[in-house]
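So that the names make sense, note that chain A is the first sequence line, chain B the second, and so on, each numbered from 1.
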Amino acid sequence: MTSSTKHPLFGFMPRRVTAKQVKGVIDGNENPFTRLPHSPQYLKILEARKKLPVFAQMEEFYEMFTKHQIIVLVGETGSGKTTQIPQFVVYSDMPQTKKKLIACTQPRRVAAMSVAKRVADEMDVTLGKQVGYSIRFEDMTEPGTTFLKYMTDGMLLREAMHDPDLERYSTIILDEAHERTLATDILMGLIKSLVKRRKDLKIIVMSATLDALKFQKYFTIDEPAPLFKVPGRTHPVEIFYTQEPEPDYVEAAIRTVLMIHRAEEPGDILLFLTGEEEIEDACRKIKGEADDLLANDPDTVGPLSCIPLYSSLPTQQQQRIFDPAPPPRVSDGPPGRKVIVSTNIAETSLTIDGIVYVVDPGFSKQKLYNPRIRVESLLVTPISKASAQQRAGRAGRTRPGKCFRLYTEKDFMKELEEQTHPEILRSNLANTVLELVKAGVKDLVRFDYVDAPAPETLMRALELLNFLAALDDDGNLTALGSKMSEFPLDPQMSKMLIASPEFSCSQEVLTVVAMLSVPNIWLRPNNQRKEADSAKQLLTVPDGDHLTLLNVFNEYQNNLHERNWAWNNYVSARALAQADNVRAQLLRVMERLEVDVVTKSYPDQTRHYIDIRKALVCGYFMQVAHKEGEKGSYLTVKDNQVVSLHPSCGLDTQPEWVLFNEFVLTTRPYIRTVTEIRPEWLLELSANYYDFNLFTDGETKRALQGVLRKQIKQTSKKRIAASSDMLQPQKKKARTGVS
DNA sequence: GAGCACTGC
C-alpha cells in the first residue's frame, strides 16, 4: 500500500467508529495524522499501551461514548486513562476534520506538560503540533493543527470566561476530578449548564473510585451519567493500625520509621508530616537515632538516609528524593535504606518509585476560610479516608508494600471524613465570583455547584467586589469589573493596577503586585539567621513592606549582572525570577486592556512613595488597621479584630494607620506585609466604604471623624503642602537625603 | 519575635 491511495481513516464516521476500525489504524503502517510510516519507537510504545487495562476496554468505551453526552470514568493509578482515553476520543470525534479540539484538563502544570509529551510520542507526532499543552506562561499548541490539548484546569476556566460556550471544543475531559480543585469545581458547574445548550459537546469526568457516584448524580440529564470503570494496576498494600491512639504523632512516626528500619525487609520508607519545621526536626531526630543504631549494631542494621521534601525546598534539593538508598557500610553487610519525610506534596504531585513502606500519622495542613472575619488560615487537620487510601497506595507502586497508620482502625472508620472538603468550601471566593460573573452566571447563590459554598462566603465576595466597584448594586459586572477579571489576580490587586495610572506609578504597582503574587522571597537558613536578618534590614524601606518589595525587585534588576546577588542578599532567586515572569504577563494584560503604563520622576522619593501608597489604598482600603493604645496592638477597621504587626514586618515605628496584605492566624492574629498610610487617603479614595453612616461606632470611627474635622478646618490653607509636610517624620527626610 | 500545606490563572 502507499499513502497516496486510501486515507487510513477512510470510512470513519465521526462518533460512530468501532474499536475494530480504530485498532486497524493503530496497528496499520501509516500514521493517519502525518501520513508518514510509523516509527520504530511508535511500535515499541504500542506494545506497552496494549498491556494497559484501559486498552482492553476500547470497544466498551466506544459503545458508551457514542450513546451518551456525559460519562463518568473511574480508574485507579496505572490504568492508563489519562493517556489513552483522550486518544480514543480523537478517533471518534475526528477533530482534525472538524477544526475542533479535544481538551483534557489537569490540576497541575507539570502533569499537563508531561502527559502531553508522552501522548505525542504515543501518537508519533511532534509535541506542539497535533498534540500540545497549554499552561500559564507557556502555550505549546499550534492553532489549526493541534487537536488534542492537555491543559491546566485554571487555563480552561480562563477560556470559559471569554467563551462561555467553549465553542472550540468537541469533547472536554476533566481529569483528576476527585481532587476537587477550585477550577475543576467551577468548570463542572459551567459545563453542566453548557451541555444543555451544546448538544454536540461531550464530557468525560475522570476520577478516583470513591467520588464516582457523586459525579454521576450531579451530571444527571435525564438519568444519572453512566459509569465507565477501569481497573488499576497496582500491588497490594497491607495496612496496620495502632492499638491505642498516639498522643504525639511526630514521636510515634519517628519510632515507627526506626522500627521498620530495624525489623523489616529492605525497601524505602515514605513518612507524611505536615510542614517544613516539623519535617526538618523529624529528619534531624531520625538521622541521630539511626546513626546510634548503626554504631551499636552494625551487623544487623544498615545505614539510613533521611530526605526532607516540601515545596519551598529548592528544586535541586527536591531532586534528592530520587537518589538511591545508601549502600551497605561494608560489602555483604545489611543494606542501606532511604526514608523520605514529606508534606502532602508526595500524596498527589510527586510520585516516588521504590517506596515499600508508608508511615501515615493521619494529619495534614489544610487551608480554611472564615468568612466572618475574612481570614484564610492553615490548620493541622485530620486527613480524610480518601486521602489515607491515597497515601497507602504510595507503598504499592513497584511491589507489594505495607502502610502503618498511626491511629486506630476504629478512628479510621468512625472519625475520618470520607473525602477532604473540596477547596471551594475552604476558600475566599472573591476571585472565583468575579470569574463566574464574567462567564455570564447571573445568580451566584443559586448556581448549581457540585458542593455549594456557605452563603456567607458568597456574600463576603459580593460585598468586596461591590466596594471595589467591580459589581454594581444589582450584582452586574461593571466595565471596571470586566477589566479586573482579565488579570490573574485577587480583585484588590487588579483594582490597584487599574487605578495606578491616576497616580503615575503603574510601573511600580506592577512590580509590587508581581512580588505579592509569588512565594516568600526572604531566605533564612537555619544556621545563618542573623546574617539573613541584617541583609534584609539593608533592603528594607521603613515606610512599608510593599515598598520594600518594590525595592528588592529593583535592586535585583539592577544587579542582574552580579551572578550571586540574590544568594548574597538572602533572597530567593527563584521567587524573583518568577516575579519577573508574572510582571511581564501582567504588563501584557495592561497593554491589551489599554490601561496606561506610566511612571514619572520625582524630585524626592517620599513624594514618589506617597503616590504608590495611594494606589495601594485603591485596592486594599478594606484591609486597614488602626493603632490602639501604646502596646502595639491594632484594630482592623470595621471588623474590629485585634491584631499585631507580624515579626517579619519592616516598619521602623508603629504608625497610627496601616494597610495590610494578609491577616494570618498562627500563634496569634497577625497582619503581614504592612505599609503606613494616611487616614485622609481613605476618606478621599474610598469614600463609599468609609461612609460614616455605614460605620459602627468605635475608636476607629472616632479617629477618622477627627481627621475629617481637621481637614475641614484646614481647607483654607494650601492642602497638599500642608498635609504632607506635617505628616512626615523628620528622620525619614534625613534618610532619603531630600527635603 | 514568626514560619509557606498544596495548586492554579
Side-chain angles (χ1 to χ4, degrees), chain A residues 105-112 134-139 151-162 176 179-187 272-281 309-313 342-350 363-368 376-381 383 387 420 422-424 426-427 431-432 434-435 438 484-491 493-494 513-514 517-526 529 532-533 536 572 574-575 578 581-582 585-586 588-589 632 644-650 662 664-673:
Chain A
T105 67
Q106 298 292 322
R108 281 167 293 279
R109 298 158 49 102
V110 256
S134 173
I135 59 180
R136 187 182 188 184
F137 305 128
E138 200 180 352
D139 183 9
M151 62 203 302
T152 45
D153 49 9
M155 208 66 191
L156 186 62
L157 183 54
R158 283 269 134 192
E159 287 186 15
M161 284 172 29
H162 292 112
E176 315 286 3
E179 287 194 27
R180 303 293 305 275
T181 64
L182 202 41
T184 295
D185 260 35
I186 297 301
L187 281 169
F272 285 101
L273 290 177
T274 65
E276 172 175 346
E277 201 181 326
E278 203 175 84
I279 287 169
E280 292 292 353
D281 195 44
L309 177 64
Y310 42 87
S311 77
S312 58
L313 220 49
S342 172
T343 60
N344 258 3
I345 193 171
E347 197 179 302
T348 48
S349 309
L350 273 169
F363 293 95
S364 71
K365 269 190 197 169
Q366 284 178 30
K367 186 176 67 182
L368 258 171
E376 270 183 353
S377 51
L378 278 174
L379 217 65
V380 174
T381 315
I383 61 170
S387 185
T420 310
E423 206 184 351
I424 195 170
R426 299 183 282 117
S427 308
N431 219 349
T432 305
L434 187 59
E435 286 166 352
K438 174 78 179 180
M484 284 166 61
S485 73
E486 296 292 318
F487 290 93
L489 295 169
D490 280 342
M493 290 204 236
S494 26
V513 167
S517 307
V518 299
N520 184 21
I521 57 152
W522 306 105
L523 298 178
R524 209 170 176 232
N526 259 332
R529 292 195 175 178
D533 288 347
K536 184 177 175 187
S572 160
R574 182 168 58 153
Q578 239 174 304
N581 211 358
V582 172
Q585 187 195 26
L586 299 176
R588 286 194 298 273
V589 178
S644 315
L645 299 181
H646 194 272
S648 65
C649 175
E662 287 182 290
V664 290
L665 203 56
T666 51
T667 49
R668 284 158 56 188
Y670 285 110
I671 49 177
R672 192 160 57 190
T673 314

Strictly by modelled atom types, are A:K367 and A:S427 linked by a side-chain donor-acceptor pair under 3.5 Å? yes

What pairs with A:R180 under salt bridge (Lys or Arg N to Asp or Glu O under 4.0 Å), at least two apart in sequence or on another chain? A:D185, A:D451

Integer-rounded Å distance: B:dT7 P and A:R158 CZ: 20 Å

Run A:S644 and A:R668 through side-chain hydrogen bond (donor to acceptor under 3.5 Å, both in side chains) and show every step you take. CA-CA 8 Å; A:S644 315; A:R668 284 158 56 188; 2.9 Å; yes

Rounded to whole angstroms, how far apart are CZ on A:R668 and C1' on B:dA2? 10 Å

Residue A:R524, side-chain atoms from C-beta onward, closest of B:dA5, B:dA2, B:dG8: B:dA2

Value in whole Å for how far the P atom of B:dG8 lies from CG of A:L157: 14 Å

Tell me the interatomic distance from A:I671, atom CD1, to B:dA2, atom C1', rounded to whole angstroms. 14 Å

Rounded to whole angstrom units, what separation is found between the CG atom of A:N581 and the P atom of B:dC9? 11 Å

What is the distance, to the nearest angstrom, from the CG atom on A:N520 to the P atom on B:dA5? 11 Å

So, does A:S311 get its side chain near the phosphate of B:dC6, meaning an N or O under 4.0 Å from OP1 or OP2? yes

When we call it a touch if two heavy atoms are under 4.0 Å apart, what does A:F487 touch: a base, just sugar-phosphate, or nothing? nothing

Does any donor atom in the side chain of A:E662 or A:Y670 lie under 3.5 Å from an acceptor atom in the other side chain? no

The side chain of A:R426 is closest to which nucleotide in this list: B:dG8, B:dC4, B:dA5? B:dA5

Checking A:K438 side chain against A:R158 main chain: does a donor-acceptor pair fall under 3.5 Å? no

For the pair made of CH2 in A:W522 and P in B:dA2, what is the distance, rounded to whole Å? 20 Å

Under 4.0 Å, heavy atoms only, any strand: does A:T181 hit a base, just the sugar-phosphate, or nothing? nothing

Just checking A:T343: base, sugar-phosphate only, or nothing, at a heavy-atom cut-off of under 4.0 Å? sugar-phosphate

Classify A:L378 by what it touches in the nucleic acid, base, sugar-phosphate, or nothing, heavy-atom distance under 4.0 Å. base

Heavy atoms only, 4.0 Å cut-off, all strands: where does A:R529 land among base, sugar-phosphate and nothing? base

Regarding A:T667, tell me which of base, sugar-phosphate or nothing describes its non-hydrogen contacts under 4.0 Å with the strands shown. sugar-phosphate

Using the side-chain heavy atoms of A:P519, tell me which of these nucleotides is nearest: B:dT7, B:dG8, B:dC4. B:dC4

With a 4.0 Å cut-off on heavy atoms, is A:E277 in touch with a base, just the backbone sugar-phosphate, or nothing at all? base

Using whole Å, report how far CD of A:E435 lies from P of B:dC9. 11 Å

Closest-nucleotide ordering on DNA chain B, the 5'-leading residue of A:P107 and A:S648: A:S648

List for me each residue that meets side chain to side chain contact (heavy atoms under 4.5 Å, CB included) alongside A:D533, sequence neighbours excluded, and say none if there are none. A:R524

Under 4.0 angstrom, heavy atoms only, what part of the nucleic acid is A:L182 near: base, sugar-phosphate, or nothing? nothing

Among B:dG8, B:dC6, B:dA2, find the nucleotide with the atom closest to the side chain of A:R108. B:dG8

